[in-house]
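What follows is a single structure, written as structure tokens, with notes after it.
Order of the sequence lines fixes the chain letters, A, B, ..., with proteins taken first and strands second; residue numbering starts at 1 for each chain. The figures here come from the full heavy-atom set of this structure, side chains too, leaving out hydrogens, waters and symmetry mates.
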2 protein chains.
Amino acid sequence: MTEAVSRPTLEAVAARAGVSRATVSRVVNGGDGVREPLAERVRRAVAELGYVPNQAARSLVTRRHDAVAVVIAEPETRVFADPFFALQLRGISKELTAHDNQLVLLLTEGRDDHARVARYLAGGHVDGALVFSLHLDDPLPGLIHDAGVPTVFGGRPGWGDDGDAAGHTRSTGEGPGVVYVDCDNRGGARAAVRHLVDLGRTRIAHLTGALDQTSAVDRLDGYRDVMAGVPGASDPRLVVESDFTPGGGERAMRALLDRCPDVDAVFAANDLTALGALRVLRASGRRVPEDVAVIGFDDMLPVAMEADPPLTTVRQDIEEMGRLMARLLLRGLADGRDRSAAMAQPPPAGGVILPTTLIRRASA
Amino acid sequence: MTEAVSRPTLEAVAARAGVSRATVSRVVNGGDGVREPLAERVRRAVAELGYVPNQAARSLVTRRHDAVAVVIAEPETRVFADPFFALQLRGISKELTAHDNQLVLLLTEGRDDHARVARYLAGGHVDGALVFSLHLDDPLPGLIHDAGVPTVFGGRPGWGDDGDAAGHTRSTGEGPGVVYVDCDNRGGARAAVRHLVDLGRTRIAHLTGALDQTSAVDRLDGYRDVMAGVPGASDPRLVVESDFTPGGGERAMRALLDRCPDVDAVFAANDLTALGALRVLRASGRRVPEDVAVIGFDDMLPVAMEADPPLTTVRQDIEEMGRLMARLLLRGLADGRDRSAAMAQPPPAGGVILPTTLIRRASA
DNA sequence: ATGAAAGCGCTAACAG
DNA sequence: CTGTTAGCGCTTTCAT
């Protein structure tokens, strides 16, 4: 399959340009401190020979890889049921590419893969990692954190310094805390519920997400924030636990109608759940939004747009979240290199929360 | 952030075990030709020191990377509108992981990125590439093919040796042809249309996909195959060009109802298109499947399952396609290495077509 | 400003 | 079977 002929080396370029390897190296890496005529000769030689630096040789001496691992744990199929993941990846990819970094994708299929991932990260193949931690009890984030690789998390990890209910042990005692990017789940939920209140609804229910994920917990908290502020609105029976799936949404909605036939609004933890609720509502003869208003979360297309009726929902800028994660990591890496200190500092600790916006369509 | 302390080297392990670097290297790489007691000493030293080979140093001499690039061109948002992409990636990842290869993800955002990708691949950073070529006129596959990197394509490239209508120039004259994995688009389409015929439908329409993609062309061909076999069934007005999107499906369906109000069955090029068609059909007062039967393609969840009515569709095993692509590439790479010949042979040329199955739900 | 030289950590002949 | 040796291609002091 075409030429496996060895590609030109620095040596070859140097020879052709009539200079030393060191000079070529300087030109190739930014070219500071090389006089223009010479630099030009080198550039021409590079072009003529089609020289491309050997990354392995370079890494060997610089100890850098210009590569970042993206770790996605997907024990559930949920990750693949919506474009969330793909969009995030796209944002990450854009940012990484803009800074000449490669993206090494690590997909894990359950516990067995944890060791593999941990080993890979600890092995120093990449300069940093972007990790999506979906579940509160996932050991992976801890492992990775312990591996000593600069890391930014996607979504608030369950064991972070933040609104952690209690009991979850931090993976280690050291370090100023984790860095993560998340959307404003709680604020978005508040906006949704407030909108329902403004609509004059009085029996507002919530179908939760899988409560082992911080996003579900935060959305539930947002719902409660608003309900607590409306006299007489709170009613535990209005909260039904679900799992972010359409099937779960159906079951939860049916349970809800059993308990509270007078419900006149539903805030679903995500669009898929809302979809299931919509179907049950329709089957029960109720009209949306006339009898029951429905709001979802994610603005997951085409689901939200193609739902019947089109779904009012809380949008988060998923691609931007990915982009931001990469930017944070890269910045942290650069900082670490600039500091003369021996070891790389992590990026400024703490979480970055991206805003959400309520998208009004027909369902509420 | 924890120890940036330099990790132990082969040298260190050798010293600790009281052997030479070469011996350690042998043990680490399979350990053939090292007597057991010694090997055991080495393994213990490795464990005690937590030694992990430096991949950069290794690649420098072996000229291998145990890494494969996955190139996904996504000029359109379509890739992100469905889990297709994610599933394929999952299949690829599984297979790669099983063979200790890393997955380097290259997402392209249009022409500007082509040069970057081509440079990266030509730069010899990876051992091979898996490329998704979505469009007939996409120059990327050609560039990559020319770059001389062993490659397997996902989906039949438009310029392959196969059912190419005409006119498309091969990127180069050399080589025995490209290797690709695709699903049986044509056969799947035939099965769908045949099912419609068996249902007794006589006015069977087809809403095509974007005809600059081979998958759309092949599905159209499949439709025609069957229609040509049914006396009096063919009617050019029954074929409406669309673009794989719900919006396109709506427009195409409206156009179709204008031309042929008597249509009693629709085979849509994919599930999203079917979704749009469904909506227009419902708005026009027609019942599905009683008045008009509808079949989609992809079995894209949750769209197909959550559609109203649930969609009868043609399923393809997407994850298996990804897996197969990786397997083919890896096999080709291994073959190339085994052969004493100087250059790697590509995997056996030609395409591998995976079967499709008709999934019967309520819409037809 | 440029060149010479010393490795980075590893594998792969080649000896013994 | 094990050790010695010579680089892989590049960056980076250190001289000049």
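For the pair A/Thr9/A/Asn54, no side-chain contact is recorded, criterion being any heavy-atom separation below 4.5 Å from C-beta on. Side-chain atoms of B/Phe132 and B/Val70, non-hydrogen and from C-beta on, do get closer than 4.5 Å to each other. By the 4.5 Å heavy-atom criterion applied to side chains, A/Leu106 and A/Asp113 are not counted as neighbours. Between B/Leu324 and B/Met321, every side-chain heavy-atom pair lies at or beyond the 4.5 Å cut-off. Looking at B/Thr151 and B/Val178, their side chains never come closer than 4.5 Å, going by heavy atoms from C-beta outward. Looking only at side-chain heavy atoms (C-beta outward), B/Val126 and B/Tyr120 come within less than 4.5 Å of each other.
Heavy-atom distances under 4.0 Å link DNA chain D to A/Tyr51, A/Pro53, A/Asn54, A/Ala57, A/Arg58 of residues 49-59 of chain A, given in residue order. Residues from residues 14-27 of chain B placing a heavy atom under 4.0 Å of any atom in DNA chain D, listed by number, are B/Val19, B/Ser20, B/Arg21, B/Ala22, B/Thr23, B/Arg26.
A donor-acceptor pair is defined here as one N or O able to donate and one able to accept, closer than 3.5 Å; no such pair exists between the side chain of B/Ser25 and the backbone of B/Arg21. In this structure, the side chain of B/Arg323 does not engage the main chain of B/Glu95 through any donor-acceptor pair within 3.5 Å. At least one donor-acceptor pair under 3.5 Å links the side chain of A/Asp127 to the backbone N or O of A/Asp66. Looking only at distances, a side-chain donor or acceptor of A/Ser59 sits under 3.5 Å from a matching main-chain atom of A/Gln55. Between the side chain of B/Arg7 and the backbone N or O of A/Gly123 there is at least one donor-acceptor pair closer than 3.5 Å.
Between A/Arg35 atom CZ and C/dA1 atom C1' the separation is 5 Å, expressed in whole Å. Rounded to whole angstrom, the span from the NE2 atom of B/His65 across to the P atom of C/dC10 amounts to 17 Å. Atom CZ of A/Arg63 is separated from atom P of C/dC8 by 8 Å (rounded to the nearest Å). Look at CG on A/Leu10: it is 14 Å from P on C/dA4, rounded to the nearest Å.
Pairs of residues two or more places apart, or lying in two chains, that qualify as salt bridge (Lys or Arg N to Asp or Glu O under 4.0 Å) and include a residue from residues 26-39 of chain B are B/Glu36-B/Arg43. Listed by first and then second residue, the salt bridge (Lys or Arg N to Asp or Glu O under 4.0 Å) pairs involving residues 45-61 of chain A are A/Arg16-A/Glu48 (not counting sequence neighbours).
The residue among B/Gly33 and B/Val61 whose nearest nucleotide of DNA chain D is located toward the 5' end is B/Gly33.
Axis angle between the ends of the helix from C/dA1-D/dT16 to C/dG16-D/dC1, five pairs each and rounded to 10 degrees, works out to 40°.
Between chain B and DNA chain D, the heavy-atom contact criterion of under 4.0 Å yields a 5' to 3' nucleotide range of D/dC1 to D/dG9.
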